[in-house]
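The chains referred to below are lettered A, B, ... by the order of the sequence lines, with proteins before strands, and numbering in each begins at 1. Since this is a predicted model, take the numbers as computed values, not measurements.
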Amino acid sequence: MKYEFHQIEEKWQKVWKENQTYKVTEDKSKPKFYVLDMFPYPSGAGLHVGHPLGYIASDIFARYKRLKGFNVLHPMGYDAFGLPAEQYAIQTGQHPADSTKKNIKRYREQLDKIGFCFDWDREVITCEPEYYHWTQWAFLKMFNCWYDNKTNKATPIESLIAEFEANGNQNIDAATDLEGTFTSDEWKSWDEAKQEETLQKFRIAFLSDTMVNWCPALGTVLANDEVKDGVSERGGHPVEQKKMKQWCLRVTAYAQRLLDSLDELGWTDSLKEMQKNWIGRSEGATVYFPIKDSNERMEIFTTRPDTIYGVTFMVLAPESELIEQVTTSDQKAAVDAYLDKAKRKTERERMQDKTISGVFTGGYCKHPFTNEDIPIWIGDYVLGSYGTGAIMAVPAHDERDWAFAKHFNIPIVEVVAGGDVQEASHDAKSGKLVNSDLINGLDVKDAIPKIIAEIDSRGLGSRKVNFRLRDAIFARQRYWGEPFPIYFKDGIPKPLDESDLPLRLPEVDAFKPTETGEPPLGRAKNWTTKDGYPIELSTMPGFAGSSAYYLRYMDPHNDKGLVSKEANEYWQDVDLYIGGTEHATGHLIYSRFWNKFLYDLGYVCKDEPFKKLVNQGMIQGRSNLVYRVKGTNQFVSLGLKDKYETSTLHVDVNIVENDILDTEAFKKWRPDFKDAEFILEDGKYVCGYANEKMSKSLFNVVNPDDVIAKYGTDTFRLYEMFLGPIQQSKPWNTSGIEGIYRFLLKVWRLYNRDDQFNVVDETATADELKSLHKCIKKVDGDIQNFDFNTAISAMMICVNELSDLKCNKREILEKFVVMLCPFAPHIAEELWSLLGHTTTVTLADFPTHDEKYLVESNWNCPVSVNGKLKFVLDLPVDYGKAEIEKAVMEDERTKALLNGKNLAKLIVVPKKIVNLVIK
RNA sequence: GCCCAGAUGGUGAAAUUGGUAGACACGCUAGACUUAGGAUCUAGUGCUUCGGCGUGGAGGUUCAAGUCCUCUUCUGGGCACCA
C-alpha cells in the first residue's frame, strides 16, 4: 500500500462525520475540558493559510486532552453580524443575510478539509434568531439592573426604585452619572419621564446624551476600540466627535473588578498589560476650587495633589459647561472665537496638532488653601472626556502645564525641589516639598496622603480613583445587527417582555446606511409593538453577539435560557482560549464584563470566562517580486537586476516555487505578459521576496485548499505547527513543507514495507523502547507547553531512529500512532485500523512514558579546567557527587593536568559538567 | 513620550532554564541507484588565515552566560495631550 493521503483523509473525515465521533455530551464520569477558538468572522475572502493556525493548535490540544481521558468541549461557530459583513454585502450588491450564508458555507467547506474535531452539533451563528434571542435577553437584563457599589454587583432596578421612593438617593452608592441628591418627596413629585431620565443614569444598559465617535462614511457611531488614530478601524474613514443620544453599557462600573481579576488569569503578561492600560486606573484626588464671586465651584482631578501649592492657573476643556459662567464680558469675544476654532477641528486634527493654544476666560478661582486668585483658562490639551474636563495646572511639575505657562507667560512656582523649573518642568515623583506650607519638607510619597487627608477633613474634595475606560457605546445606525428589545411610549424607553423575544430583524427594502444617521430600520414596515408603539431603530454592535457565545456552546439548543444551570455547572468556563491579540481591548474586555454581569445575577457560576488564553501570531504573506526592465517587456532575474534599470512588480505567489518563477505560467497569468521575455540566471528566473500583510492586492494570499490538494491536510497541519512557536508572527513560506511530507512518508513506511503492511508481534529491544519513551516524554511535555514545533521535531527524531533500527514491532508502533494522532489524525486513524483496531484512535489512551527505559548505562561526563573543556569521561549514570569526584580525580588525564599545580576548587554537578579550578 | 515583547548559521528555528550553542527541518555540496527526477538513499554543511572566533553592540557577575545584572542599538506590538 502506498501513502494515498487524499483517499485516507477523505475516508476518515467521512467516518468521523457518520459516527459523530466528536459529539460530546455532559458526561459526569469524566473530567471536563473546554477548548475554544475565537470564532471566525465569515468575510467574503474565505480562509487563508493564516486563519487555521490557531484552530490547528487548539485542535491538537483538544485531541490530546481527549486521549488523556477528558470529556472535551471543542465547538465552532460564526460571528456573523456586524459592520464588515454588511459592508461586504453592500459592495457586492447582496443582502447581508445571503452573503453571510454563502460565506459561512465557504468557510465550513474549508474548515472541513482540515479535519478538525469540532462538535458541529453545537454550532452557533450570531445572526440567527435562536442565538440573538439571548443577546437581546442579556441586554434586557442590563437595562433592568443598576450597579450597587456597596455590594459590588449588578442588582435589579426594582430595589433602586423602592429605595428612591423610601429615601431618595442619599443612601445610594451606585455607578451613576447622576450628580447631587434628591429626596423621596422629590422623586414622587416627578412625572414618569423625569423619573425614567433619572433611572437611565443608573441602568447598566442606558440611553445617554453623550459625545460619540461618529463616522459619516459608515453612517454609524463606533466604540472607542473601533477607532484607531482618529479613523475607523474598518475602512479607515475619518471619525468625528458628535453629541448624540445613544445606548451605552456601563462597563465602567466593572473597571476595578476587571482590573483585579486579571491577576488570576493564565494570560500572557503583555495581554494583561494591554488591558491594564486600556482600563487605565489612576489614583489621586478630586479637589474643588471655588469660583470667585460665585456660589459655583470647579471640580478637578489630579494625581499629584501634593503639588497643589504650585497651582498658578486652571484650565477647562473647550467642551466644558463651566465656560459660559466664568467668562467675563470683555473676554467673551476672544473665548467665542477660540471655541469656534476648537469645535471645527476633528478629533484627529486636535490630536495631531501639538501647537499650544488657549484663551483666558477672564474668570478666577480661589485657591482652596491659600485663598489666592487663580486665573481660569481654556485649553484644548485638556480633554472633555477624562476626569472632570478641568485641571489645576502646576507648570513647575507638569510638562504640558509648563509649556502652556511659558507660551502665555504665566508664573511658574516650584514646590518640589530638585530641578530648575524655569528651564524645564520637574515631573519627578520624589523629592522634598518646598513653598508648600502644610506639607513643606515632606517627600512626595508622604506629602500625597497628608494633603489628601487635609483636603478631606476641610471638605475641599476627596481621594479619588479615575479610570481611562469609557462606557461602551452600544448602538449602531446600521441594519445588520441585533434589534434592541426596546420600544418607546410617549418618548420613554420601555423594555419588551422577555416572552416577546427574539425580536426578529425586520425586512427592509433598502438596508444601506444614511450619512445623516437615520437608521435603516426606520424603513421597516410595522416596526412597532402589538400596541403600535415604535421600536428602537438602532441595532447592536458587532461585539454584542460575541460577548457570550462561549456560554451558548455549553447548551446551544436550549430555548428556555442562554445556558441551563446543569450545563453551565458541568462545563464551568473555558479552560483554553486561542485567538489573536487584536481583540485585547475589544472582545476580551466586553466578554469579561458581560460574564461578570451574568455572574452577578447568578446565571453563570464563574466570574471569569477564559481561564487560560494563548495568542497565536499572525501569518504574514511572503510576496514574490519580479523585475521588469524599464520600457520593455523583459524581466530580469533577481541576481542580475542591478545591471538594468528596473521596476518592481508583485507576482502571484502561486506561480512561484521556492522563489523560482514558472515562466510559462507567468505568460498566461495576465494578457499583457503574454510576450514576456526573461533574462535568466543558471537557466532559472529567481524572484525577490518581501514579507507583508497577506492580501489579495499583493498576490501573496495562499489558500489552504491548494496546499491540502498538493500535500494533504496532515502535512498542512504539521507544517503550520512546525513553522515556529505558535505565539510568534511569521511569514508563510512553503519551502520547508517537503520535509514534513517526507516525515509522514517515513512514518508510513515504518508500518508498511515494500507497500505491504508489515508490523509484527515481537518484543521490542531496549533501543527501540528508549527511542519511543524519550519521544513520548518530550511530546507530552511539549503539547502541554504549546511547543508544538519541538514536539514534531521529537517525533521526527524518533521515526529516524526507529527506521534505522528497522523497527516494526507492534508494541512500539501502536503507541507511536496514538502520539501522532493529535497532529496528523487521518494517517493515524489509517495506521490504527491497519493495526487491526475497529474503534477510532480517538478513543485510545495517550501513551505515558516510563523512565526505566530512559536510564542510560553510561553518560559522558565533560571535565573542564577553568571553564575550558579538557576531556570527556564515561561514567555510570547512577554515580553520585562523591563517586564522580573520585573518578575524575583518579583519571590519568586529570593527574596530567594537575601536574605540579594546586587544585583550588572542584565543582561537581551530577549529570552535568565537572569543573576543576586551578590556581 | 510611556509600556510590553523580541534580536541565535544561507533560511525557519532548538538549547534539559546557568553546564559541550546551532537539535530538527529547509536549502546547499558531493556521491549511489536511475532512461529520467521536483523520487529515494549515503556523507558533508556556523565562521575560520586551522591559532582560534562565534547567540545585535559595549561592559559586568561566575569555574562556566544565548540564558543573570548595567548601559546601548535596532525590530515588532500596544497606549498616547489620561492631568
I'd like the C1' distance from B:C63 over to B:G31, given in whole Å.
45 Å
Syn or anti for B:G6, please, going by whether the chi angle lies within 90° of 0.
anti
Classify the nucleic acid contact of A:Asp401 as base, sugar-phosphate or nothing, counting any heavy atom under 4.0 Å across all strands shown.
nothing
Residues in ring pair (Phe, Tyr, Trp, His ring centres under 6.0 Å) contact with A:Phe467, at least two apart in sequence or another chain:
none
Residues of residues 463-472 of chain A with any non-hydrogen atom less than 4.0 angstrom from an atom of RNA chain B: list those, numerically ordered, please.
A:Arg468
Which nucleotide, if any, forms a Watson-Crick or G-U wobble pair with B:A21, using both distances under 3.5 Å?
none
Between B:G78, B:A83, B:C24, which nucleotide has the shortest distance from any of its atoms to the side chain of A:Asn277?
B:G78
For B:A7, give its Watson-Crick or G-U wobble partner with both distances under 3.5 Å, or none.
B:U73
Note: contacts of residues 772-790 of chain A with RNA chain B (heavy atom, under 4.0 Å) are A:Asn789, A:Thr790
Distances for protein N/O vs nucleotides 39-41 of chain B N/O pairs under 3.5 angstrom?
none

Answer for the Watson-Crick or wobble partner of B:G1, both distances under 3.5 Å, is B:C79
Under the side chain to side chain donor-acceptor pair (under 3.5 Å) rule, collect the residues that match up with A:Tyr590, sequence neighbours excluded.
A:Asp225
Taking atom C1' in both B:G78 and B:A64, compute the distance separating them and give it to the nearest angstrom.
39 Å
Find the distance A:Phe301:CZ to B:A83:C1' and express it as a whole number of Å.
8 Å
At less than 4.0 Å, is any side-chain N or O atom of A:Tyr386 found next to OP1 or OP2 of B:A83? Yes or no.
yes
Is the shortest side-chain N to carboxylate O distance from A:Glu299 to A:Arg297 below 4.0 Å?
no
Among the nucleotides B:C4, B:A25, B:A83, which one has an atom lying closest to any side-chain atom of A:Asn800?
B:A25
Judged by whether its glycosidic angle lies within 90° of 0, B:G51 is syn
Identify whether the glycosidic angle of B:U20 places it syn (within 90° of 0) or anti.
anti
I'd like to know whether CD of A:Glu399 has more than 12 heavy-atom contacts from other residues, nucleotides or ligands below 6.0 angstrom.
no
Set out, line by line, the N/O atom pairs under 3.5 Å between protein and nucleotides 6-12 of chain B.
from: B:G12; atom 1: O2'; to: A:Leu723; atom 2: O; distance (Å): 2.4

With a 3.5 angstrom cut-off on both distances, give the Watson-Crick or G-U wobble partner of B:G27, or none if there isn't one.
B:U45
On RNA chain B, does the nearest nucleotide to A:Ala390 precede the nearest nucleotide to A:Leu271 from the 5' side, or the other way round? Give the residue.
A:Leu271
